[in-house]
Number of protein chains: 2
Amino acid sequence: MHNSIDPDINKPHNGTITKTTSRQIADRLGVSQATVSRVLRNVPGYQYSAKTRGRILEEAERMGYRPNAVASSLREGRTHVIGFHNQHSELDPLNIFMAEVIRSLQQTCLEIHHLLLLHNFAPDVSIPHRLAELTCGRIDALVVHLQENGPLAEGIALSGLPTVAIANRVASLPSVGCDEAAGIRLAMEHLIAHGHERIAFAYSTYPLEAAKARHEAYITEMEHRGWKPVSVPCSNHDTDTTLQALHSQSPQPTAVCCWNDVSALCLLRACNRAGVSVPDDLAIVGFDGVLDNRLLQRNLTTVDVQWARISDTAVELLMRMLRGESVPWVTNVLPKLRIGETT
Amino acid sequence: MHNSIDPDINKPHNGTITKTTSRQIADRLGVSQATVSRVLRNVPGYQYSAKTRGRILEEAERMGYRPNAVASSLREGRTHVIGFHNQHSELDPLNIFMAEVIRSLQQTCLEIHHLLLLHNFAPDVSIPHRLAELTCGRIDALVVHLQENGPLAEGIALSGLPTVAIANRVASLPSVGCDEAAGIRLAMEHLIAHGHERIAFAYSTYPLEAAKARHEAYITEMEHRGWKPVSVPCSNHDTDTTLQALHSQSPQPTAVCCWNDVSALCLLRACNRAGVSVPDDLAIVGFDGVLDNRLLQRNLTTVDVQWARISDTAVELLMRMLRGESVPWVTNVLPKLRIGETT
DNA sequence: TTGAGTTATGCATACGATTGCATAGAGAAT
DNA sequence: ATTCTCTATGCAATCGTATGCATAACTCAA
């Protein structure tokens, strides 16, 4: 790594931050530490003289006192931190969707005065180790995005850590996700209203529950109308093949529902290169609604999953679990169709 | 909010996670808690009999013991958590760049076995309150992305919390960023090699240090060649105006450097709508390199800031500060030109 | 002027792990 | 038998805050 470094200006840093404690304030003022703690937090049921109160407030201000969150957490048994477990594969630059999820979660946490701790693991990190990291008391609750149900989900469920799975349904955990079938229905009704009948589906080659649900909903919708489903694989990394697969059908589909936005954009790109006109030769619908249209050259028609509402709901459920209330095992958020220029 | 909820299946959750402690193991086995702690962590200098060791390991496994990270943090005085302070404005969906920064940081933290805690604040949260949240002991070190130097940066510097600013240079704190001038030079040399002379610059209407540095570098480069700089404002939200401003110049620029990728993409979109052919009528260069080309219809020529290396460097500096070493006040990472189809 | 009721405050423990120091017991050496 | 060295383990303090319970000082009515 070549860094151009200015060697003249260095910052000596002794590594030790001198944090003032409530005891220091108490000693300086000749009162007890309990008094300092109670005055500063205005604990109900305890009255202090205006004089004492004033002296403590002033001294705390003067010494720049900040209660140590780690100590409070230990004492109170809660940290006001929510964890988010995402898999390493989601660091894939194409997974713009994960960025949107993190942003939404962060926004929601902000509103309830909690912090978001990102638990990210390399793919080779074992499940016991992940569980250990998640259940070591650093977080009060957890949001997970898992590909599918499995030993990790089951381990988390067993641990007793209040957890909600988002996006993908996971049998062992309460989950909040998009009503995938409703989304597919919106997309297809939109296409049908525009005269399309030969509608294909570009399905995910990854084993994602949500992707599977979308695909199945598509098949149901087609069969329900007595039309033959046409499914082509779509891997993000090779949408030329997807396009060829569409073209090799006869009769050729006039529209295609893609299992997510990224695949839709990749396919759109393949169409551009291949001289296929969108939407005239082929209409394209995405699913997720995570990319701002201003970043794209053409507004993408897509099913907006509304991640913000999913995040809100997930965090709300967690808060209820922390209060000991029961929560619905499955929560669906209705998606919205966002009509763009690709249909 | 309309959620379709399955009311039949509820999850009663008592909210209390029964965590087993080292004391419980000790009591169950009739050994001291210290012994359990030392055996499980293999503390050097302490030898235990194979029998005791075996019993403890087995019992810990059986009871699913996980050392409480909050308690260790309190005792050890460090949390192994790195904070990231980002401003609320960066929740703007257009700020794809922040997603890339978070991803890079997370990746880097993963490698050194630390966790990343997102400190996000609403715009109206006061600086004292932000400082309080940052210095309450939850994190060992901090990465900040600030718009510019100011009271917050100074407060953080005063607090003694090991901190590195990224992307924007900040006078009060050590910082790691892109060598903006080198990046602009790369972009302009590329354009000039393609025969462009009338090169304009689309500058940011936001008060970002990095954006300012890019703009100044552009002016320097132009003047150095005896050419007159042409600067047009670019706000992301209204690039039509930017395009008009370019057209109203005479002679008209044949190329434009945009202060970042998002503005370049917005401008590209405006060109498409206005029937301006890129790169024939106008060549466009971006800056940041955060969007994967596969998401775009045409590969964008851009200056890749290499966020991953900036994150690596920032975290490495923090680790050195924690060890009490001194670090360079200013670190530059050299950007790379990524040539696409817009030039 | 004594007991009841307030007001204002302190003592001491708990949260769970880490760690410096002490020590009991087993051999070994003198 | 006495001292000495290990080996293997325990005791107790500490990190900083929160909180149940106790209590001193003061007011007030009887």
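Computed from a predicted structure; not experimentally measured. Letters go in sequence order (proteins before strands), and every chain restarts at 1. Only heavy atoms go into these numbers, but all of them, side chains included; no hydrogens, no water, no symmetry mates.
For residues 61-72 of chain B, the set of pairs meeting the salt bridge (charged side-chain N to carboxylate O under 4.0 Å, His left out) definition, not counting sequence neighbours, comprises B/E59-B/R62.
Between the CZ atom of B/R78 and the P atom of C/dA17 there is a distance of 19 Å, rounded to whole Å. Atom CG in A/L74 sits about 13 Å away from atom C1' in C/dT13, given to the nearest Å. Atoms CD (B/E76) and P (C/dT18) sit 6 Å apart, rounded to a whole Å.
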Could you walk me through whether B/S37 and B/R41 pass the side chain to side chain donor-acceptor pair (under 3.5 Å) test, one step at a time?
-> CA-CA 6 Å; B/S37 175; B/R41 285 175 311 122; 3.2 Å; yes
For nucleotides 20-26 of chain C, just jot down a letter per nucleotide in 5' to 3' order: B, S or -, based on protein non-hydrogen atoms under 4.0 Å.
-> BB-----
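Under the 3.5 Å distance criterion, the side-chain polar atoms of A/N168 are matched with a main-chain donor or acceptor of A/L146. Looking only at distances, a side-chain donor or acceptor of B/K19 sits under 3.5 Å from a matching main-chain atom of A/T135. Side chain of B/T52 to main chain of B/Y48: no donor-acceptor pair is present (N/O by atom type, distance under 3.5 Å, no hydrogens or angles). Formation of a donor-acceptor pair under 3.5 Å by the B/R169 side chain with backbone atoms of B/E209 is not found in this model. Using modelled atom types, no side-chain atom of B/T35 and backbone atom of B/V31 make a donor-acceptor pair closer than 3.5 Å. The backbone N or O of A/N68 sits less than 3.5 Å from a side-chain atom of A/S72, completing a donor-acceptor pair. In terms of modelled atom types and a separation under 3.5 Å, the side chain of A/D140 and the main chain of A/T79 share a donor-acceptor contact. The backbone N or O of B/V143 sits nowhere less than 3.5 Å from a side-chain atom of B/T163 that would complete a donor-acceptor pair.
For the helix from C/dT1-D/dA30 to C/dT30-D/dA1, the end axes, each set by the C1' atoms of five terminal pairs, are bent relative to each other by 70° (nearest 10°).
Side-chain N/O atoms of B/N42 and B/R53 include a donor and acceptor closer than 3.5 Å. Residues A/N86 and B/Q106 have side chains that bring a donor and an acceptor to within less than 3.5 angstrom of each other.
Salt bridge annotation for A/E325-A/R323: present, with a cationic side-chain nitrogen under 4.0 angstrom from a carboxylate oxygen. Taking the charged nitrogens against the carboxylate oxygens, B/E100 and B/R103 do have a contact shorter than 4.0 Å, which makes a salt bridge.
For DNA chain D, the outermost nucleotides in 5' to 3' order that have an atom under 4.0 Å from a heavy atom of chain A are D/dG16 to D/dC21.
Aromatic pair B/H85/B/F121: ring centres closer than 6.0 Å.
Applying the 4.0 Å criterion to OP1 and OP2 of C/dT19, one finds that B/R41 has a side-chain N or O inside that range. Put simply, B/S37 has a side-chain N or O that comes within less than 4.0 Å of OP1 or OP2 on C/dT18.
Nucleotides of DNA chain D nearest to A/R23 and B/G30 differ in position, and the one nearer the 5' end is that of B/G30.
Near DNA chain C, defined here as any heavy-atom distance below 4.0 Å, there are no residues from residues 62-71 of chain A. Listed by residue number, there are no residues of residues 49-58 of chain A with a heavy-atom contact under 4.0 Å to DNA chain D.
Minimum heavy-atom separation, B/T20 to B/M63: CG2-O, 3.3 Å.
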